[in-house]
Amino acid sequence: MFNKLLQKEIQNYLQTEQVSLELPKNFSFGDLATPAPLNFAKAFKMPPLKLAENIKTHLDDKLSDFCQTEIAAPGFLNFRFKPLAFAQILQALNIQNLISQTTEPKSLLIEYVSANPTGDLHLGHGRGAVVGSTLANILKATGREVKTEFYINDAGEQIQKLGRSAWNLYKNLNTNNTEDYPPELIKPYLNDLDENLSFEELTPIIKDRILKAQKQVLEKLKVEFDAWVSEKTDLHETGLLEQALEELKQKNLTYQKDNALWLKSSELGDERDRVLIKSDNNRPTYLAGDLAYHLSKFNRADELLDIFGADHKGQEISLKVALKALGKNIDNFSILFIQFVSLVEQGQEVKMSKRTGSVITVEEVLEKVGSDAFRFMLLMSHINNRLAFDIDLAKRTDEQNPVFYVQYAHARACSILRNALNPAPDETTALFNSEELQIALNSIPAFLPALDASLPEKEIASTKELILKLLFFDQEVQTASNKLNPSGLAHYLIDLATCFHSFYNTPCKVILPEQKPLSLARLCLVHAFKRILQTGLGLLAVSAPERM
RNA sequence: GCGCUUGUAGCUCAGUGGAUAGAGCAACCGCCUUCUAAGCGGUCGGUCACAGGUUCGAGUCCUGUCAAGCGCGCCA
């Protein structure tokens with residue numbers, strides 16, 4: 001695409017790969033801009049404006065058919081594209097791959113959600129699920145070999161507690177045990193049980209029912225996993241946990257004290273030593289299982305990514321130092337911690353707690369706002385920021401919600417394409433058939449009528465702005481992929497929708513039976529917009545409706 | 001106490017060391033004979049928590065202060 005060519009020419013001149021092209025703050029400056037002369041003035045030992053002059057001379061020599069270059073103080077280069085450059089860009093956006101692939105594909109294993117099978121998913125899990133699945137989509141799209149896993153913590157203390165709580169309710173025992181899970185959390189899972197189950201039989205049944213309910217909610221959220229890994233059956237019963245502990249012992253990284261097995265983690269950089277096997281019941285701690293699990297993950301992938309709630313921050317250091325001591329390259333292992341989601345209802349913050357009955361579940365919010373709005377709104381803010389989810393705003397699925405704004409733009413584009421390719425009710429033939437459109441999409445000159453100098457200036461401006469915005473799609477996806485942060489992409493799609501609505505209202509009317517070349521040219525632009533918006537929404541797993 | 005994260009418009013949030021700090025919501029004013037008004041255009045709104053420092057240039061990087069959230073279990 002022309003912008004890549006331009007970027008490459010500047011990079012060639014400066015002998016670097018570090019040149020970025022950006023949209024200028026103000027379109028009166030030009031179509032694209034770069035501060036490269038400011039950045040490289042020192043390296044070239046000349047004033048920024050002088051360097052800018054030299055680059056301009058180089059570019060004028062090479063690319064004057066496509067764009068003109070202007071110099072602006074204190075050292076910006078602004079580029080003004082000729083119609084041919086816009087047409088070339090648009091043609092590429094209509095027929096080429098939209099997302100660049102990484103040159104070295106690596107396998108990446110993403111673990112996310114991994115909620116305990118002891119209750120319903122809350123909003124924090126929901127945020128992790130949405131961010132994790134979106135990142136998986138984005139990383140796949142940029143060429144990583146992605147596998148996703150959900151780790152089921154079904155072998156620890158919490159499961160025992162779940163079993164006891166369920167047993168008390170099942171047998172109608174009034175224990176008033178404050179340690180128990182709240183009855184309202186367990187009760188929905190006690191229906192239609194055999195009457196004579198033993199304690200040992202009851203626990204796994206309840207656990208499986210809860211897990212199944214979690215899976216169903218995740219499906220509604222469009223969240224899927226390649227594998228569900230059970231701590232009990234995949235780590236304990238296979239001997240993987242045993243192997244991991246043996247490996248630590250052989251490397252002299254453990255010791256016995258107070259009847260417990262300890263990891264010498266303080267020697268490795270942790271703030272204190274950690275227990276691996278508990279003294280009272282001889283059972284492994286969470287750390288022991290987690291360590292074994294991550295060792296097995298390292299055998300299955302080049303890189304690991306975990307996405308957890310901020311309340312799991314405590315486990316990072318111990319896990320990483322132990323993995324490092326066992327020879328794993330922890331530079332290939334990232335953990336993202338997702339800040340909490342609070343819920344605001346009628347201007348009041350609704351307190352939620354993971355282990356009380358007043359927990360706000362993903363399911364109940366989904367019922368009110370739907371998967372599209374839920375996903376989009378949770379994706380909009382950076383994971384490091386606490387997020388206040390305004391349920392009243394999200395419930396108003398009529399007009400305020402940003403996701404409808406973006407989807408509406410898609411539906412509008414579809415409507416235009418439909419109207420152009422199908423006969424109007426009072427006509428027998430359509431303005432165009434799909435072959436004509438296909439030929440136009442493959443041709444650069446076909447788009448030139450949309451930038452014809454005889455058109456009103458406003459129409460040309462909004463046409464250009466839309467193309468330029470489309471041009472940045474790939475860059476936005478790459479940034480999201482590299483920074484492991486999908487929020488920019490959501491904001492980009494809103495901006496893109498704004499450009500399209502603005503184009504529509506300029507008005508750049510597309511269907512003009514008396515001006516077929518102009519209609520066809522604009523149809524190419526609508527086609528590219530629809531293609532990119534659909535791809536972008538697809539990465540977020542938000543639907544792109546053809547009609548609304 | 002120590003560690004991590006955060007502090008930007010009335011609210012919810014964007015913002016690769018670059019040009020006059022942005023969007024949505026809320027408030028106000030306009031625009032449907034015209035491909036979907038779930039839309040568009042405009043007005044109002046800011047000491048980027050505070051104080052230093054680095055730099056040609058800081059909302060962005062560094063240090064300190066203040067404030068908020070989370071973490072620092074033989075819970076998971």
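In what follows, chains carry the letters A, B, and so on, assigned in the order in which the sequence lines appear, proteins first and then strands, with residues in each chain numbered from 1. Note: hydrogens, waters and symmetry copies are ignored here, and every other heavy atom, side chains too, is used.
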**OP:** Using a heavy-atom cut-off of under 4.0 Å over every strand shown, decide if D290(A) touches base, sugar-phosphate, or nothing.
**Re:** nothing
Original post:
Given pairs defined as Watson-Crick or G-U wobble with both distances under 3.5 Å, what dot-bracket annotation applies to RNA chain B, with ( ) intrastrand, [ ] crossing, | other strand and . unpaired?
Top reply: (((((((..((((....[...)))).(((((.......))))).....(((((..]....))))))))))))....
Original post:
Of A497(A) and K483(A), whose nearest nucleotide on RNA chain B comes first from the 5' end?
Top reply: K483(A)
Original post:
Across the strands shown, which category fits Y504(A) at heavy-atom distances under 4.0 angstrom: base, sugar-phosphate, nothing?
Top reply: base
Subject >> Y286(A) side chain near E157(A) side chain, heavy-atom distance below 4.5 Å >> reply: no
**OP:** Select one nucleotide: of A76(B), G39(B), A38(B), the one nearest the side-chain heavy atoms of M548(A).
**Re:** A38(B)
Original post:
Glycosidic conformation of C29(B), syn or anti, with 90° from 0 as the boundary?
Top reply: anti
Original post:
Below 4.0 angstrom from OP1 or OP2 of A38(B), is there any side-chain N or O of Y408(A)?
Top reply: yes
**OP:** Pick base, sugar-phosphate or nothing for Q407(A), based on heavy-atom distances below 4.0 Å to the nucleic acid.
**Re:** nothing
Subject >> Short side-chain N/O contact from N39(A) to OP1 or OP2 of C56(B), under 4.0 Å >> reply: no
Subject >> Minimum side-chain heavy-atom gap V19(A)-N39(A) below 4.5 Å >> reply: no
Original post:
Does V510(A) reach the side chain of Y504(A), with side-chain heavy atoms less than 4.5 Å apart?
Top reply: no
**OP:** Determine: side-chain N/O of K278(A) to OP1/OP2 of C74(B), distance under 4.0 Å, yes or no.
**Re:** no
Subject >> N419(A), nearest nucleotide to its side chain (from A76(B), U36(B), G15(B)) >> reply: U36(B)
Subject >> Whole-angstrom distance between G71(B) and G59(B), as gauged at atom C1' >> reply: 28 Å
Original post:
With no angle test and no hydrogens, is the base of C4(B) tied to the side chain of K313(A) by a donor-acceptor pair under 3.5 Å?
Top reply: yes
Original post:
Quick one: D306(A) CG to C4(B) C1', roughly how many Å, whole number?
Top reply: 17 Å
Subject >> Which nucleotide in G73(B), A38(B), U16(B) has an atom nearest any side-chain atom of R274(A) >> reply: G73(B)
**OP:** Mind calculating the distance between CG (L489(A)) and C1' (G15(B)) to the nearest angstrom?
**Re:** 16 Å
Original post:
Any idea which of C74(B), U36(B), G71(B) is nearest the D280(A) side chain?
Top reply: C74(B)
Original post:
Which is true for D258(A) with a 4.0 Å heavy-atom rule: it touches a base, it touches only sugar-phosphate, or it touches nothing?
Top reply: base
Subject >> Aromatic stack F29(A)/A19(B): centroid gap under 5.5 Å, interplanar angle under 30° >> reply: yes
Original post:
In whole Å, what separates the P atom of G10(B) from that of U6(B)?
Top reply: 23 Å
Original post:
Whole Å only: how far is the NZ atom of K458(A) from the P atom of C40(B)?
Top reply: 14 Å
Original post:
Closest to the N78(A) side chain: G41(B), A19(B), A76(B)?
Top reply: A19(B)
Original post:
Can we call the ring centroids of H501(A) and Y408(A) under 6.0 Å apart?
Top reply: yes
Subject >> P spacing across the pair C50(B) / C35(B), given as an integer number of angstrom >> reply: 50 Å
Original post:
Roughly how far apart, to the nearest Å, are U63(B) and C4(B) at atom P?
Top reply: 10 Å
Original post:
Counting just side-chain N and O atoms, does T498(A) come under 4.0 Å of either OP1 or OP2 of A23(B)?
Top reply: no
**OP:** Sticking with atom P, work out how far G69(B) lies from C29(B), rounded to a whole angstrom.
**Re:** 40 Å
Subject >> First of R418(A) and L77(A) reached from the 5' end of RNA chain B, by closest nucleotide >> reply: L77(A)
**OP:** Have a look at L387(A) and say if it touches a base, only the backbone sugar-phosphate, or nothing, with a 4.0 Å heavy-atom cut-off.
**Re:** sugar-phosphate
Original post:
For Y405(A) and G24(B), are the ring centres under 5.5 Å apart with planes inclined under 30°?
Top reply: no
**OP:** Describe the nucleic acid contact of C508(A) in one word from base, sugar-phosphate, nothing, applying a heavy-atom distance below 4.0 Å.
**Re:** base
Subject >> Touch class at under 4.0 angstrom, heavy-atom based, for N281(A) against every strand present >> reply: nothing
Original post:
Under 4.0 Å between a side-chain N/O of R412(A) and OP1 or OP2 of A38(B), yes or no?
Top reply: no
**OP:** Return yes if a side-chain donor-acceptor contact under 3.5 Å exists between S230(A) and Y151(A), otherwise no.
**Re:** no
Subject >> Closest to the N385(A) side chain, choosing from C72(B), U6(B), C35(B) >> reply: U6(B)
**OP:** Could you check whether A41(A) gets within reach of a base, just the sugar-phosphate, or nothing at all, counting any heavy atom under 4.0 Å?
**Re:** nothing
Original post:
Mind checking the C1' distance from G64(B) to C74(B)? Whole angstroms is fine.
Top reply: 40 Å
**OP:** Could you check whether the rings of F500(A) and F529(A) sit parallel, tilted or perpendicular, using 30° and 60° as the cut-offs?
**Re:** parallel
**OP:** For the side chain of E157(A), starting at C-beta, report the closest nucleotide among C40(B), U6(B), A76(B).
**Re:** A76(B)
Original post:
Listed by chain and number, what are the side-chain hydrogen bond (donor to acceptor under 3.5 Å, both in side chains) partners of R522(A), not counting sequence neighbours?
Top reply: E459(A)
Original post:
Which part of the nucleic acid, if any, lies within reach of Q475(A) when heavy atoms closer than 4.0 Å are counted: base, sugar-phosphate only, or nothing?
Top reply: base
**OP:** Quick one: label D273(A) by what it contacts on the DNA or RNA (base, sugar-phosphate, nothing), any heavy atom closer than 4.0 Å.
**Re:** nothing
Original post:
What's the closest nucleotide to the H491(A) side chain, out of G15(B), C74(B), C13(B)?
Top reply: C13(B)
Subject >> Side-chain N,O (R272(A)) to OP1/OP2 (C74(B)) below 4.0 Å >> reply: yes
Original post:
Do the non-hydrogen side-chain atoms of N78(A) and T69(A) ever get within less than 4.5 Å of each other?
Top reply: no
Original post:
Which part of the nucleic acid, if any, lies within reach of E546(A) when heavy atoms closer than 4.0 Å are counted: base, sugar-phosphate only, or nothing?
Top reply: base
Original post:
Contact class for S415(A) vs. all strands (heavy atom < 4.0 Å): base, sugar-phosphate, or nothing?
Top reply: base
**OP:** Find out whether the Lys NZ or Arg CZ of K161(A) is both under 6.0 angstrom from the six-membered ring centre of Y181(A) and within 45° of the ring's axis.
**Re:** yes
Original post:
NA contact type, S381(A), heavy-atom cut-off 4.0 Å: base, sugar-phosphate, or nothing?
Top reply: sugar-phosphate
Original post:
Once you round it to whole Å, what is the distance between P of U20(B) and NZ of K25(A)?
Top reply: 9 Å
Original post:
Tell me: NZ of K42(A) to C1' of G57(B), nearest whole Å?
Top reply: 11 Å
Original post:
Picking from U5(B), C74(B), C75(B), which would you name as closest to the side chain of S279(A)?
Top reply: C74(B)
Original post:
Can you tell me how far CG of L268(A) sits from CG of L263(A), rounded to the nearest 0.5 angstrom?
Top reply: 6.0 Å
Subject >> C1' gap between U5(B) and A9(B), integer Å >> reply: 24 Å
Original post:
For atom C1', what is the distance between C44(B) and G22(B), given to the nearest Å?
Top reply: 16 Å
**OP:** Consider the side chain of V275(A), meaning its heavy atoms from C-beta on, and name the nucleotide among C70(B), C74(B), C35(B) that approaches it most closely.
**Re:** C74(B)
**OP:** Under 4.0 Å between any heavy atoms, over every strand shown, what does A310(A) touch: base, sugar-phosphate, or nothing? Just pick one.
**Re:** sugar-phosphate
Subject >> Contact check, side chains of L493(A) and E476(A), non-hydrogen atoms, under 4.5 Å >> reply: no
**OP:** Taking the six-membered ring for Trp and the full ring for Phe, Tyr or His, determine whether the centres of F337(A) and H312(A) are under 6.0 Å apart.
**Re:** no
